[in-house]
Number of protein chains: 2
Amino acid sequence: MAQNDTVTRILDTAEVLFAERGFAETSLRHITSKARVNLAAVNYHFGSKKSLIQAVFARYLDPFTERFHDVLDELERRYQGDVIPLEVLLDSMARTVLEVPAERNSLKVFMRLLGLAYSQAQGHLRRYIQEHYGSVFTRFSSLVRQATPDLPDAERFWRLHFVLGTVIFTLSGLDALRDIAEKDYGEHVSVRELVDRLRPVVVAAMQAPLPSAEANHFPTAS
Amino acid sequence: MAQNDTVTRILDTAEVLFAERGFAETSLRHITSKARVNLAAVNYHFGSKKSLIQAVFARYLDPFTERFHDVLDELERRYQGDVIPLEVLLDSMARTVLEVPAERNSLKVFMRLLGLAYSQAQGHLRRYIQEHYGSVFTRFSSLVRQATPDLPDAERFWRLHFVLGTVIFTLSGLDALRDIAEKDYGEHVSVRELVDRLRPVVVAAMQAPLPSAEANHFPTAS
DNA sequence: CCACGTTTCAAACAAATGTTTATAATATAA
DNA sequence: TTATATTATAAACATTTGTTTGAAACGTGG
C-alpha cells in the first residue's frame, strides 16, 4: 500500500518531468521533491536512475505490446490467410497507440518519451527497448510486408521509418507545434484531428512511387 | 592565429560530441580534453556552455540561411512572378541543406544537431534558433503556400512539419538506421540514395488527399 | 504485545559539473 | 626592446549530481 503509493507517485512524477526536460536534465531531487517522497526512495525501489527510466517506459510499453499482439491476433483471425490491407494495419497500430495511454490521459507524455528514446543518446534505453519490445515491431513489419508486396524490402524498411519519424516527431513536439498553429490559425487541434490529418499523409507516403533512377543531381556527402 | 585555432578546435570537437551524446550529457571537460585545449578556454572564448551550444549552431545555420536566401532569390528571379513548383522548392531546400555542411563533410552532425534542437528541452536553443533563423523558414513557407494553393493553410502547416519530422528523424538517426538496414539488407545506403528515397515520399505526403470527414472512429485523448 | 521484515527519512558521501581567479606565456605595437 | 593587450594554464570554487548509510517509523504475523 504505502510502497505501491510511493512507487506510483515516483513513476507519475518522473514520466512528466522526463517528458518535459529529458532524462539527464531531470534530477532525482526534482522528481522526489515534486512527488513529495524521500530522495532515497528512488534508489530503494528502483535501484538506480537508469532503472527508473526503464520502469517508466515499461509502464507504457508492456500494456502496449500486449494489447497490440492481441489486436494483430484478432486481425489475422478475421482475415484468415488473406493479406491485411495496409490502411487497416496502420489504423490498428494508431488505435492501439492512442488507446493505451488514454487511460491516464497521457498520450502526450508517451509520445514525448518515445521521441526521447530515439533522440537522446542513452544507449541503455535503446538496447532495453530493442530487447524487450523488438518482437512486436518485427511482427508488424512482416504484416506490412504482405500488405505491400510491390515494395522492395529495403524501400519498405526506410518508408516505415520515414512515417515513424513523422508520427513521433509530430506528436512528441505536439505542444510546441500546437501553440504555433493556434497562434497562426486560431484553431485548437485535438490529437484526434491530428491523427486524421496524419492518416492520408502516412498512407500516401507508403504508397508513393518508387524513386526514379534519373534526376539525381545532388551533391553527395559522406 | 592561436585564438582562432583554439576556437575552431573547440567548435569542431564540441559539435561532434554534442551530436553523439546530446548537450547535457557532454561535459566541458570532455570537450576540452579531446580538443587538447584548456578547460577555461571555453568560458574565455564563448562565455558559457549555453553560448558554446549556440555558436555550434550558428556555424551551420549562418551559412545555410545566407545561401538559402540566395537560392530563393535566384528561384524568384527565374520564375519571375510565376509560382515555383513544389518539387523545385523542396529540391532546392534539400540541395542547400546538403551543400552547406558538405564542405566539412559533416551532414550527419548537422542533421543530428537539428534533431537535438527539436527534441532536447534546451529552451534557450529553440528561442535562439527561432529568433535568428525563423525568417528564412517563413519565407520558404509562403513560397510553398503559393505552390500548393489547394491546401488549406492549417493543413499545409501541419504537412510541412510532418515532412520535416520525416527528414530530421531519418537523417539524425541515420547511423543507427543504416546499421540495421545494412545488417538486414546487406546494402550500404549513402546519404544521396537516402535523399532519393525521401524525395517521392515527401512529395506524395504534401500532395496526399485531404482527410475525409468520415471514417474517424478513433478514441480520443486530451 | 512482541518480534521481524519492510519502508521511510535525514544526513552524509564521493564524484562530476560549470565557472572563476590569479598567474604565466605569448603575441602585438610603439 | 619595452610596454601592453591578448591568450593559455593550473588551481580552486561553489553547486549539483546519483548513491549509500544507519537509524527511525511502520506494518504484519505469531
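Residue numbers begin at 1 in each chain, while the letters A, B, ... track the order of the sequences.
Checking the phosphate oxygens (OP1, OP2) of D/dT17, a side-chain nitrogen or oxygen of A/S27 falls inside 4.0 Å. Phosphate contact (OP1/OP2 of C/dT17, side-chain N/O of B/H30, threshold under 4.0 Å): absent.
When the C1' atom of C/dT17 is taken as reference, atom CD of A/E25 falls 14 Å away, rounded to whole Å. The NE2-C1' distance, from A/H45 to C/dC9, rounds to 12 Å in whole Å. One atom, CD1 of A/I53, and another, C1' of D/dT17, lie 13 Å apart when rounded to the nearest Å. As rounded to whole Å, 8 Å separates atom C1' of C/dT17 from atom CG of B/L28. What separates CD1 of A/I10 from P of C/dT7 is a distance of 12 Å, to the nearest Å. Distance, B/H124 NE2 to C/dG18 C1': 13 Å, rounded to whole Å. For the pair B/D5 CG and C/dT26 P, the interatomic distance rounds to 15 Å; values are reported in whole Å. Straight-line distance from the CZ atom of B/R36 to the P atom of D/dA10: 14 Å, rounded to whole Å.
The pair A/R159-A/E155 counts as a salt bridge, with a side-chain nitrogen and a carboxylate oxygen less than 4.0 angstrom apart.
The side chain of A/T6 has C/dT8 as its nearest neighbour among C/dG18, D/dA8, C/dT8.
In this structure, the side chain to side chain contact (heavy atoms under 4.5 Å, CB included) partners of B/Q54, at least two apart in sequence or on a different chain, are B/H124, B/Y128.
Side-chain N/O atoms of A/T148 and A/R156 include a donor and acceptor closer than 3.5 Å. Between the side chains of A/S106 and A/Y60, at least one donor N or O lies within less than 3.5 Å of an accepting N or O.
Between B/V163 and B/M206, the closest side-chain pair of non-hydrogen atoms falls below 4.5 Å.
Under the 6.0 Å cut-off for aromatic ring centres, B/F68 and B/F140 qualify, their centroids lying closer than that. The distance between the ring centers of B/F169 and A/F162 does not fall below 6.0 angstrom.
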Could you list, one pair per line, each protein nitrogen or oxygen that sits under 3.5 Å from a nitrogen or oxygen of nucleotides 20-23 of chain D, together with the distance?
none

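Across all strands, B/T26 comes closer than 4.0 Å only to sugar-phosphate atoms, never to a base (heavy-atom distances).
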